[in-house]
Amino acid sequence: VIDKNISLFKKLGVLKLDISGGEPLLVDSLPYIVDECHKAGIAVTLTTSGSGAVQNIEWLKTNWHSFSRIILSLDGPKDIHNELRGSHFAYQNFIALYQVLKDNGCDIIRVNTVVSKQLLKSKDLLFGLLLDLEPKEWCCIEPHPANKVDTFDEVAVSTSDFHEFITASTDRIRKSPIKFLMRTKKDYSSYWTLYPNQLLCHLSELDTSDFSIDFSEKNISVISRNIK
């Protein structure tokens, strides 16, 4: 499946892939996927929570340069991050991987933060944490309904609250070397996602895709017409 997918990506002229999850550091074949993408001339970014198999974390320590960007997900200060991730060890895992990468010279770290109702109450703690960590980039993300779970409505912020958070964020970090980015729901309408069931979807601003198709050789012409 991996070889077939990469071959199809190459035929479609794909230039960059983001390997995300789920949790890519739990995938045994991650090093192989990255290596094959490079052979196909496809750049790769990695989005991870920091939790994963020991062998993959050890591999990443010395192979971070195989990626154009390492993206670590941080949803808030310790208690909020752990609550939203549903694990007492989520924050610990994030910090551990962040420090390991920095200790091994990694200078391409981006921190992604999905803005939640819980975070709005503790944004100053997060700002202080980010200023201490000083990643290359920090990206704030508006919750997208395509990732909707049962608790989505309990955590998702309104569009106005999201933009108020963006204003406060830019004010706090503007004098730091951190490059600030943001992604709105509309931004994701240009994204394509390949799911484990081999369904290729073009995202929209809603909780449904505006186009989906089985990612296969027989559909390559249809896919090609829709991505141009």
Side-chain angles (χ1 to χ4, degrees), residues 18-26 45-52 69-99 101 109-174 176 178-191 193 195 201 203-209:
D18 177 58
I19 303 176
S20 58
E23 177 47 69
L25 290 180
L26 290 172
T45 61
L46 178 74
T47 299
T48 174
S49 67
S51 302
R69 188 73 74 241
I70 303 289
I71 303 168
L72 296 180
S73 300
L74 179 65
D75 297 327
K78 181 178 179 180
D79 290 345
I80 290 176
H81 183 72
N82 286 346
E83 175 191 346
L84 293 172
R85 292 278 162 174
S87 169
H88 294 300
F89 303 103
Y91 181 82
Q92 175 182 319
N93 291 336
F94 166 88
I95 291 294
L97 182 58
Y98 186 95
Q99 195 58 57
L101 289 170
I109 298 175
R110 174 187 296 172
V111 170
N112 270 6
T113 298
V114 177
V115 180
S116 65
K117 292 176 181 176
Q118 289 81 347
L119 178 57
L120 296 180
K121 304 171 186 176
S122 301
K123 59 181 179 293
D124 288 334
L125 290 175
L126 178 63
F127 296 156
L129 174 60
L130 285 162
L131 289 171
D132 287 340
L133 291 172
E134 209 170 272
K136 182 181 181 70
E137 299 172 341
W138 177 38
C139 183
C140 289
I141 299 171
E142 184 178 13
H144 195 289
N147 301 317
K148 192 169 185 176
V149 294
D150 291 341
T151 57
F152 181 83
D153 293 330
E154 298 172 17
V155 302
V157 295
S158 65
T159 298
S160 61
D161 282 343
F162 174 73
H163 285 287
E164 284 181 18
F165 184 89
I166 294 300
T167 299
S169 300
T170 52
D171 286 345
R172 279 298 300 272
I173 71 163
R174 65 173 179 238
S176 79
I178 303 170
K179 181 179 180 181
F180 182 76
L181 306 165
M182 75 169 185
R183 297 287 184 269
T184 66
K185 288 183 287 188
K186 184 177 181 180
D187 291 326
Y188 282 95
S189 63
S190 64
Y191 283 45
T193 300
Y195 292 98
C201 298
L203 300 183
S204 69
E205 295 182 53
L206 306 175
D207 59 357
T208 55
S209 303

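Starting from 1, each residue takes its place in the sequence as its number.
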key: Exercise: identify the closest heavy-atom pair between Cys140 and Phe162   = O-CZ, 3.9 Å
request  = Check the pair Phe127, Ser169 against side-chain contact (heavy atoms from CB on, under 4.5 Å), reporting the backbone distance first and the verdict last.
outcome  = CA-CA 7 Å; Phe127 296 156; Ser169 300; 3.4 Å; yes
ask   = Between Ser122 (side chain) and Leu119 (backbone), is there a donor-acceptor pair under 3.5 Å?
value = no
ask   = Distance from Asn93 atom CG to His88 atom NE2, nearest 0.5 Å?
value = 13.0 Å
task = Taking Asn82 for its side chain and Tyr91 for its backbone only, find out whether a donor-acceptor pair lies under 3.5 Å.
result = yes
inquiry  = Using every non-hydrogen atom in the two residues, find where Gly128 and Arg172 come nearest and quote the distance to one decimal.
reply    = N-NH2, 4.3 Å
request  = Pick out which of Ile141, Leu120, Val155 makes a side chain to side chain contact (heavy atoms under 4.5 Å, CB included) with Val115.
outcome  = Leu120
note = d(Glu23 CD, Ser49 OG) to nearest 0.5 Å is 4.0 Å
query = Do you know the tightest heavy-atom contact between Pro24 and Gly21?
reply = CD-N, 4.0 Å
message = With a 3.5 Å distance limit and no angle check, can you tell me whether Thr113 reaches the backbone of Leu74 through a side-chain donor-acceptor pair?
response = yes
inquiry  = Going by side chain to side chain contact (heavy atoms under 4.5 Å, CB included), Trp138 matches just one of Leu181, Leu126, Leu133. Which one?
reply    = Leu126
query = Hey, mind stepping through Asp75 and Glu83 against side-chain contact (heavy atoms from CB on, under 4.5 Å) and telling me if it holds?
reply = CA-CA 9 Å; Asp75 297 327; Glu83 175 191 346; over 6 Å; no
ask   = Should the heavy atoms of other residues, nucleotides or ligands under 6.0 Å from OH of Tyr191 be counted, would the total exceed 12?
value = yes
key: Short side-chain to backbone donor-acceptor contact, Asp171 and Ala168, under 3.5 Å   = no
task = Decide yes or no on side-chain contact (heavy atoms from CB on, under 4.5 Å) for Glu142 and Tyr188, but give the supporting numbers first.
result = CA-CA 10 Å; Glu142 184 178 13; Tyr188 282 95; over 6 Å; no
message = Please give me the minimum heavy-atom distance between Leu25 and Ser51, naming the atom from each residue.
response = CB-O, 3.6 Å
query = Should we count NZ of Lys117 as having more than 12 external heavy atoms under 6.0 Å?
reply = yes
inquiry  = Would the distance check show the side chain of Glu137 and the main-chain N or O of Lys179 forming a donor-acceptor pair, the cut-off being under 3.5 Å?
reply    = no
